[in-house]
Amino acid sequence: GKTHTITQICKYYSMLDKKILISSQTNVAVENILDNLWKDEDFNDVSVKADYKKGTYSENSILNLAEDKITKLLGLSEKIDLRQTTVLGEAYKANIVGSTTTSSALNAKRWKDFYDNIDIVIIDEISKSSVPELIRYVVMGKKIIFVGDQRQLAPLDEIDKFDEVWEEFTTEEKDIVDKYINASIFDKLFDSMKDKGRAVTLNVNN
């Protein structure tokens with residue numbers, strides 16, 4: 001139900017020519033939404049994952065995806081060849097871009113125009129994301145949409161893996177950092193938005 005809802009939100013804002021960033025802690029969540037968009041025969045805009053090589057919907061795969069979709073839309077018997085066109089260049093002008101919360105791909109120069117003009121940030125499986133993960137994307141969007149389930153897994157605390165840094169902290173400092181890293185921003189926001197009538201809860205699972 002959540003993935004379908006995010007897909008429809010993306011389609012709506014794309015029709016309004018808004019730039020939409022789809023994000024999540026996991027590649028699977030991001031690619032599930034892109035998969036829905038590419039398979040939707042009523043949606044013809046380009047959507048791409050800001051990762052040059054990894055994944056079905058990465059920049060490196062966009063040419064083949066476009067060839068398949070255009071061939072199908074035109075009802076051609078043979079696959080159209082777009083290698084001599086500017087399709088890849090157009091991918092960087094896409095309205096819908098996917099990127100995980102931990103990826104650095106959007107910091108690349110080729111994505112600067114998109115990154116500087118994000119209208120909508122949609123973060124799926126929000127309960128898994130920690131505050132530090134969210135900061136860089138949340139401050140860039142004009143509108144932020146969190147999607148998730150406060151009963152799912154909380155953020156994972158991996159800071160103790162950095163032993164050389166962790167050992168320099170006092171016990172009190174460790175408690176503060178641990179509480180901050182493990183805080184689920186979604187829990188607090190959901191309760192706050194619910195009181196204000198701005199939290200939407202799905203009650204149908206397709």
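Any value given below was found using the heavy atoms of this structure, including those in side chains, with hydrogens, waters and symmetry copies removed.
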Exercise: identify the closest heavy-atom pair between K11 and L37: CG-CD2, 3.8 Å

Do you know the tightest heavy-atom contact between S14 and I20? N-CD1, 3.6 Å

Flag side-chain contact, heavy atom, 4.5 Å: T56 against D35: no

Closest approach of S103 and A50, non-hydrogen atoms and distance? OG-O, 4.2 Å

Value rounded to 0.5 Å, distance of CG in L21 from CG in N95: 12.5 Å

Do Y13 and K143 come within less than 4.5 Å of each other through their side chains, counting heavy atoms only? yes

Group every Ile, Leu, Val, Met, Phe, Trp and Tyr by side-chain heavy-atom contacts under 4.5 Å, then state whether F114 and M15 land in the same group. no

Do the non-hydrogen side-chain atoms of D113 and K93 ever get within less than 4.5 Å of each other? no

Strictly distance-based, threshold 3.5 Å: is any side-chain N or O of T71 a donor or acceptor partner for the main-chain N or O of E67? yes

Contact between W111 and V48 at the side-chain level, heavy atoms closer than 4.5 Å - yes or no? yes

Can you measure from OG1 (T100) to OH (Y137) and round to the nearest 0.5 angstrom? 6.0 Å

So which atom in I22 and which in C10 form the shortest heavy-atom distance, rounded to 0.1 Å? CD1-SG, 3.7 Å

Atom CD1 of I145 and atom CD1 of I9: how far apart are they, to the nearest 0.5 Å? 4.5 Å

Interatomic spacing from NZ in K112 to CG in N107 - rounded to 0.5 Å: 11.0 Å

Using a cut-off of 6.0 Å, state whether more than 12 heavy atoms not belonging to K72 lie near its atom NZ. no

Minimum heavy-atom separation for D124 to A29, with atom names? OD2-CB, 4.0 Å

For G141 and V121, which heavy atoms make the closest approach, and how far apart are they? CA-CG2, 3.7 Å

For the OG1 atom of T5 and the CD1 atom of I122, what is their distance to the nearest 0.5 Å? 10.5 Å

Is there side-chain contact between I126 and V147, with heavy atoms separated by less than 4.5 Å? no

Could you check if a side-chain atom of K79 sits within less than 4.5 angstrom of a side-chain atom of D68, using non-hydrogen atoms only? yes

Got a donor-acceptor contact below 3.5 angstrom from the T3 side chain to the I33 backbone? no

Distance from E78 atom CD to I80 atom CD1, nearest 0.5 Å? 11.5 Å

D119 (side chain) donor-acceptor with K19 (main chain) under 3.5 angstrom: yes

Honestly curious: do V28 and L34 fall in one hydrophobic cluster under the side-chain, below-4.5 Å linking rule? no

Would you say Q25 and E125 make side-chain contact, with heavy atoms under 4.5 Å? no

Does F43 reach the side chain of I96, with side-chain heavy atoms less than 4.5 Å apart? yes

When hydrophobic residues are tied together by side-chain contacts of less than 4.5 Å, even through go-betweens, does M193 share a cluster with I144? no

